[in-house]
Amino acid sequence: MFDALIIGGGVAGMSCALILGSAKNKPFVSNKKIGIIAHQKTSSLQEALFNNAYGIAPGTLGANLLSESTKHLQESYPHVEQIDSEKVLAVKGDYPHFLVITNKNSYSAKNIILAIGYSNTFAIDGLMHFVETHKKALPEKQRIQLRNIDHKVSEGIYVAGTLAGWRSQLTIAAGSGAAVATDILTLWNNGISSQSHDKI
């Protein structure tokens, strides 16, 4: 049983995983099981080039960021389980007992975070009733988002990045994923506002 299972290995999903992973020494996180289904094939980063993203060297390729982020997560926070080469097909159940079904396996989770982009090809059974037209994308693009209030779709279901209704910008997606992570940390800390910072 995962306490938090992130679906999507792009900017928002990896940002969320890194923040949750970094909080491992907090007493209310030490016993939590965290995972990420790091499917990256359809990430918009695959063809991206970055010259205007804060903290990222100009000329950085999005494909390189994807591979570097999974390596970063593995090396810095190996307790976060990375599930590769699986695509989520369905989510069943209710909080705190979700069943996430992929093309290869199924996983139990108390909380799930969806961070898989805003393409209208979204087809996760059990979540389709949350789909609505993306409010900030051009209508002709036919993008979608999941209905949410401040990243929360329903009890135990969170959404991050463009699928949460944000514009397609790396720094926005990263911040959205980090915001969800701090909401999860706050949940685990009995509602007391929480973040995870490293210090010199």
Side-chain angles (χ1 to χ4, degrees), residues 2 4-20 34-48 50 52-54 62-63 65-66 69 83 86-96 98-103 107 109-187:
F2 287 98
L5 181 59
I6 302 158
I7 299 169
V11 177
M14 293 305 292
S15 178
C16 185
L18 288 165
I19 297 293
L20 289 178
I34 303 161
I36 180 169
I37 299 176
H39 185 71
Q40 296 181 327
K41 280 187 178 179
T42 57
S43 173
S44 57
L45 259 67
Q46 293 289 1
E47 299 177 355
F50 294 100
N52 65 350
Y54 178 79
L65 276 181
L66 286 171
S69 66
I83 302 164
E86 294 188 33
K87 184 176 181 180
V88 174
L89 304 177
V91 172
K92 299 187 176 187
D94 297 294
Y95 178 80
F98 293 105
L99 184 66
V100 177
I101 301 166
T102 76
N103 58 328
Y107 305 93
K110 293 180 181 177
N111 297 281
I112 59 172
I113 300 99
L114 292 138
I116 57 173
Y118 62 170
S119 168
N120 64 2
T121 59
F122 181 93
I124 298 178
D125 188 43
L127 300 176
M128 297 307 294
H129 59 289
F130 295 120
V131 172
E132 62 184 17
T133 300
H134 198 284
K135 292 179 173 58
K136 293 186 177 182
L138 294 171
E140 57 267 28
K141 298 264 188 181
Q142 299 183 333
R143 303 300 191 187
I144 59 100
Q145 65 182 55
L146 297 189
R147 187 171 60 251
N148 70 92
I149 298 173
D150 193 22
H151 295 106
K152 191 170 185 179
V153 176
S154 66
E155 200 63 35
I157 301 178
Y158 299 82
V159 62
T162 54
L163 192 61
W166 298 109
R167 292 189 179 93
S168 180
Q169 202 75 40
L170 181 141
T171 45
I172 295 173
S176 175
V180 172
T182 60
D183 288 344
I184 297 289
L185 293 177
T186 298
L187 174 72

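Positions are given from 1 along the sequence.
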H134 and Q145: which non-hydrogen atoms are nearest, and at how many Å? CA-OE1, 3.5 Å
Only counting residues at least two apart or in another chain, list the ones meeting side chain to side chain donor-acceptor pair (under 3.5 Å) with H151. W166, S176
Which value, rounded to the nearest 0.5 Å, describes the distance between I37 atom CD1 and Y107 atom OH? 6.0 Å
Evaluate the side-chain contact (heavy atoms from CB on, under 4.5 Å) criterion for residues F2 and V100: first the C-alpha distance (whole Å), next the side-chain angles of each, then the deciding distance (0.1 Å), finally the verdict. CA-CA 10 Å; F2 287 98; V100 177; over 6 Å; no
Mind checking what makes side-chain contact (heavy atoms from CB on, under 4.5 Å) contact with Q169, not counting sequence neighbours? N52, T171, I172
Measure the OG1-CZ distance between T133 and R143 for me, rounded to the nearest 0.5 Å. 13.0 Å
Quick check for you: to the nearest 0.5 Å, what is the distance between L20 atom CG and I34 atom CD1? 5.0 Å
Can you list the residues that meet the side-chain contact (heavy atoms from CB on, under 4.5 Å) rule with A178, with sequence neighbours excluded? S15, I19
Looking at every heavy atom in both L66 and G9, which two are closest together, and how far apart are they? CD2-O, 3.7 Å
Measure the spacing between CZ of F122 and CG of L146 and express it to the nearest 0.5 Å. 4.5 Å
Kindly write out the residues that satisfy ring-ring contact (aromatic ring centres under 6.0 Å, His included) with Y158, not counting sequence neighbours, or none if the list is empty. none
Say you draw a straight line from CE of M14 to CD1 of I6; how long is it, rounded to the nearest 0.5 Å? 8.5 Å
Across all chains, not counting sequence neighbours, the side-chain contact (heavy atoms from CB on, under 4.5 Å) partners of L138 are E140, K141
Taking all heavy atoms of G156 and all of Y95, pick out the closest pair and write down the distance. CA-CD1, 3.6 Å
If you take all heavy atoms of A174 and V11, which pair is closest and at what distance? N-CG1, 3.4 Å
Under the side-chain contact (heavy atoms from CB on, under 4.5 Å) test, which residues partner A90, sequence neighbours left out? I101, D125
Should we say atom CG of D94 is surrounded by more than 12 heavy atoms from elsewhere, each under 6.0 Å from it? no
Exercise answer: donor-acceptor pairs, residues 111-119 side-chain atoms, under 3.5 Å, sequence neighbours excluded:
unit_1 : atom_1 : unit_2 : atom_2 : d
N111   : ND2    : D3     : O      : 3.0
S119   : OG     : T121   : N      : 3.1
S119   : OG     : T121   : OG1    : 2.8

Salt bridge (Lys or Arg N to Asp or Glu O under 4.0 Å): which pairs involve residues 155-181, sequence neighbours left out? K152-E155
Test side chain to side chain donor-acceptor pair (under 3.5 Å) applied to T102 - qualifying residues, sequence neighbours left out: E86
Rounding to 0.5 Å, atoms OG (S69) and CD1 (I36) come to a distance of 8.0 Å
Taking the side chain as every heavy atom from C-beta outward, state whether F130 and I157 have any pair of such atoms under 4.5 Å apart. yes
Are side-chain heavy atoms of V159 and V180 found at a separation under 4.5 Å? no
